[in-house]
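Okay, so here's the structure we're looking at.
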Amino acid sequence: MTADEKMKRASIGLLGYGTVGSSVYRLLDEQSIEIAQATGASAGVKRILVRDISIPRSDAPAELFSDDFDELVEDEDISIIVELIGGIEPALEYVTRALEAGKAVVTANKQLLSQKGSYLFDLARRNETMIRFEASVAGAIPIIKVISESMVAADFTSIYGIVNGTTNYILTEMMRTGARYGDALARAQEWGYAEADPTEDISGKDAAAKMAILASIAFHSEVSLDDVACVGIEDISELDIAYARDFGMTLKLLGVAKLYDGRINVRVYPALLDREHPLASVNGAYNAVFLKGNSIDEVMLSGPGAGGIETASAVVGDIVSIMARPVAGRLDYPRTHNGLELFPDDEVVSTFYLRLEVDDEPGVLAQISQVFGEHEVSIESVLQKGRGQHAELVMVFHPVAEKSFGAALKGISGLPVVKGRPAPIRVERDSE
Ligand SMILES: NC(=O)c1ccc[n+]([C@@H]2O[C@H](COP(=O)([O-])OP(=O)(O)OC[C@H]3O[C@@H](n4cnc5c(N)ncnc54)[C@H](OP(=O)(O)O)[C@@H]3O)[C@@H](O)[C@H]2O)c1
């Protein structure tokens with residue numbers, strides 16, 4: 001059977017029937033007429049891989065389920081494998097074998113792509129097949145297609161992303177109500193925006209995986225999860241939130257991928273943003289990606305970043321793209337031909353905000369200023385407030401190399417007048 005003939009009736013092997021997998025199954029059924037009209041072919045799920053076939057599942061007939069991957073990969077009629085298991089293994093083995101068998105692959109798996117992306121892209125290229133992964137970043141927002149196809153001539157210089165809905169929900173709640181971090185997290189869990197174990201989200205790791213994927217495709221270079229340093233939101237205090245509000249700013253967990261003299265820096269950290277910044281108005285569990293490029297100026301896309309049906313819509317979009325173009329072309333497997341190097345984190349020049357609890361006695365500010373001065377860190381503004389026996393210093397600095405700021409912070413932390421562990425927050429300004 002030729003590739004064209006196979007695609008007249010695209011048989012799909014679905015790996016996983018959880019939140020997203022079951023929604024994909026339903027959406028393919030509900031949208032079958034639109035899909036046929038868009039592609040001139042019909043799409044049907046032929047087999048579904050799960051761990052335990054004895055569990056009754058809604059919607060799909062029992063005879064479709066299998067617990068044997070060989071049955072799917074060895075079935076010549078199946079032309080598209082849709083991986084919705086998650087995690088590295090066995091997803092990596094299954095996707096590898098599917099590509100080696102010449103099947104097209106659709107996946108929503110950010111862990112897999114951020115750690116094994118280059119390997120899988122190369123495998124797809126060598127086997128003259130396709131790998132698509134729209135749902136791996138920012139759910140329903142078609143950001144992968146926009147970056148790699150619609151904006152292929154954008155000449156990107158930076159990408160800013162609010163790519164984790166859980167943390168955006170928590171920070172929005174803290175900004176909106178003044179709630180403490182722990183209370184906002186509990187509310188997010190109660191409303192289903194945070195998992196029982198929210199570590200991946202609040203530590204920034206989930207966002208780091210997504211930023212690695214975005215940076216790889218925007219800059220055509222290999223960026224893996226290990227290349228992305230991340231700071232989470234666990235240390236954000238309601239006091240920082242109150243100061244942010246006073247300064248006319250908002251606080252977001254940002255993924256930032258930037259080019260510096262032809263080298264790439266990708267990181268995730270909480271950042272203060274001016275209230276007028278387009279990303280400042282992205283609230284709740286919504287995601288957004290703000291793109292800058294020499295040929296596009298600035299473009300922002302926003303929308304739901306997760307959810308079974310929202311994610312499934314991106315997966316189905318990938319299936320439709322494959323069906324509409326049965327012979328693999330260069331756009332169907334991202335390339336990392338630019339091979340750009342990474343720009344070191346500590347050479348990045350950033351603006352910092354810092355809240356310090358200090359002894360309320362004369363000369364404290366002078367001691368602190370001296371340490372900053374020794375490291376050539378220049379203070380832009382200082383605010384001092386009494387808090388019982390202690391005083392609170394809130395400082396904003398002129399842009400400084402992160403290495404110098406880190407060294408100054410170490411010095412400050414060692415001063416007996418400074419209480420607690422200083423937790424600086426970056427201020428993201430457009431000019432930097
Ligand atoms: N949920 C979202 O909103 C969302 C958003 C964006 C991206 N994603 C991504 O989409 C993927 C799927 O997420 P999900 O939320 O649908 O996960 P989920 O609800 O946990 O479902 C996972 C499915 O995979 C099956 N599975 C797990 N390990 C397996 C194995 N070794 N062999 C066969 N089947 C196995 C499970 O089978 P059993 O039922 O038998 O255990 C289950 O049906 C993940 O990569 C996730 O990161 C999810």
Side-chain angles (χ1 to χ4, degrees), residues 10-28 43-75 78-101 103-117 119-121 123-124 127 129-140 144 195-197 199-201 205-206 209-210 212-213 224-225 305-319 322:
S11 278
I12 295 167
L14 192 57
L15 314 185
Y17 198 72
T19 310
V20 183
S22 59
S23 299
V24 166
Y25 183 85
R26 271 194 301 280
L27 209 54
L28 283 171
V45 173
K46 187 170 182 193
R47 219 98 180 92
I48 304 172
L49 185 78
V50 287
R51 271 179 292 215
D52 183 352
I53 54 170
S54 67
I55 299 172
R57 324 250 172 182
S58 57
D59 299 315
E63 62 269 22
L64 291 194
F65 289 93
S66 166
D67 56 7
D68 180 6
F69 177 69
D70 289 353
E71 269 184 28
L72 285 82
V73 79
E74 285 167 11
D75 185 337
I78 291 180
S79 52
I80 305 174
I81 292 284
V82 178
E83 185 276 307
L84 298 168
I85 290 175
I88 301 293
E89 286 297 356
L92 175 61
E93 184 204 328
Y94 293 167
V95 170
T96 299
R97 288 183 59 197
L99 292 172
E100 283 171 348
K103 298 184 191 300
V105 167
V106 176
T107 174
N109 192 330
K110 59 197 162 258
Q111 283 99 351
L112 188 62
L113 287 159
S114 64
Q115 293 176 52
K116 301 289 173 191
Y119 162 74
L120 294 173
F121 302 157
L123 198 59
N127 287 282
T129 185
M130 327 176 197
I131 180 161
R132 289 195 164 257
F133 45 92
E134 188 62 74
S136 64
V137 182
I144 304 290
E195 298 191 13
D197 177 2
T199 316
E200 282 281 306
D201 294 317
K205 265 215 133 166
D206 172 88
K210 293 166 179 170
I213 297 171
S224 95
L225 178 61
I309 196 72
E310 292 86 348
T311 308
S313 111
V315 171
V316 172
D318 277 347
I319 294 171
I322 289 169

Handout entry: Closest heavy-atom pair and its distance - Val105, Ile322
Key = O-CD1, 4.2 Å
Practice task
Determine, step by step, whether Ile81 and Tyr94 satisfy the side chain to side chain contact (heavy atoms under 4.5 Å, CB included) criterion, reporting the C-alpha distance in whole Å, the side-chain angles of both residues, the deciding distance to 0.1 Å, and the verdict.
Solution key: CA-CA 9 Å; Ile81 292 284; Tyr94 293 167; over 6 Å; no
Handout entry: Interatomic distance, Gln115 atom CD to Asn109 atom CG [nearest 0.5 angstrom]
Key = 9.0 Å
Handout entry: Distance (rounded to the nearest 0.5 Å) between Ser224 OG and Leu113 CG
Key = 12.0 Å
Completion exercise
Between the OG atom in Ser11 and the CZ atom in Arg47, the distance rounded to the nearest 0.5 Å is 11.5 Å
Completion exercise
To the nearest 0.5 Å, atom CD of Glu100 lies from atom CG of Leu123 at 5.0 Å
Exercise for the section: May I have the step-by-step check of side chain to side chain contact (heavy atoms under 4.5 Å, CB included) for Val316 and Val106, ending in yes or no? Expected result: CA-CA 9 Å; Val316 172; Val106 176; over 6 Å; no
Completion exercise
Residues Ala108 and Thr311: closest non-hydrogen pair is CB-CG2, 4.5 Å
Problem - Residue list, salt bridge (charged side-chain N to carboxylate O under 4.0 Å, His left out) with Asp206, at least two apart or on another chain - result: Lys110, Lys210
Completion exercise
What one should report as the nearest heavy-atom pair of Val73 and Ala101 is CG2-CB, 4.1 Å
Fill in the blank from the handout: All heavy atoms of Ala60 vs all of Ile48, minimum pair found to be CB-CD1, 3.8 Å
Exercise for the section: Using modelled atom types only, decide if a donor and an acceptor are shared between the side chain of Ser79 and the backbone of Ala10 within a distance under 3.5 Å. Expected result: no
Handout entry: Expected output: side-chain Glu200 to main-chain Lys205 donor-acceptor under 3.5 Å
Key = no
Problem - Any side-chain heavy-atom pair of Val82 and Ile319 under 4.5 Å - result: yes
Problem - Nearest-0.5 Å distance, CD1 of residue Ile85 to CG of residue Leu14 - result: 9.5 Å
Completion exercise
CG of Leu112 to CG of Leu120, rounded to nearest 0.5 Å, is 5.5 Å
Practice task
Given side chain to side chain contact (heavy atoms under 4.5 Å, CB included), test Ser136 with Thr107 step by step and report yes or no.
Solution key: CA-CA 7 Å; Ser136 64; Thr107 174; over 6 Å; no
Problem - Residue pair Leu84, Val315: steps toward the side chain to side chain contact (heavy atoms under 4.5 Å, CB included) verdict - result: CA-CA 9 Å; Leu84 298 168; Val315 171; 4.1 Å; yes
Problem - Backbone of Thr199 reached by a side-chain donor or acceptor of Asp197 within 3.5 Å - result: yes
Handout entry: Carboxylate-amine/guanidinium contact Asp75 Lys46, below 4.0 Å
Key = yes
Problem - Shortest non-hydrogen contact between Leu225 and Ala209, atoms and distance - result: CD1-N, 3.5 Å
Can I get a per-line list of side-chain donor-acceptor pairs under 3.5 Å for residues 61-68, giving both atom names and the distance, sequence neighbours left out?
unit_1, atom_1, unit_2, atom_2, d
Ser66, OG, Asp68, N, 2.9
Ser66, OG, Asp68, O, 3.3
Ser66, OG, Glu71, OE1, 3.3
Asp68, OD1, Asp70, N, 3.1

Exercise for the section: Give a yes or no on whether Glu195 atom CD has more than 12 heavy-atom contacts from other residues, nucleotides or ligands under 6.0 Å away. Expected result: no
Handout entry: Minimum-distance pair of heavy atoms, taken over all atoms of Arg57 and Asp52
Key = NH2-O, 2.7 Å
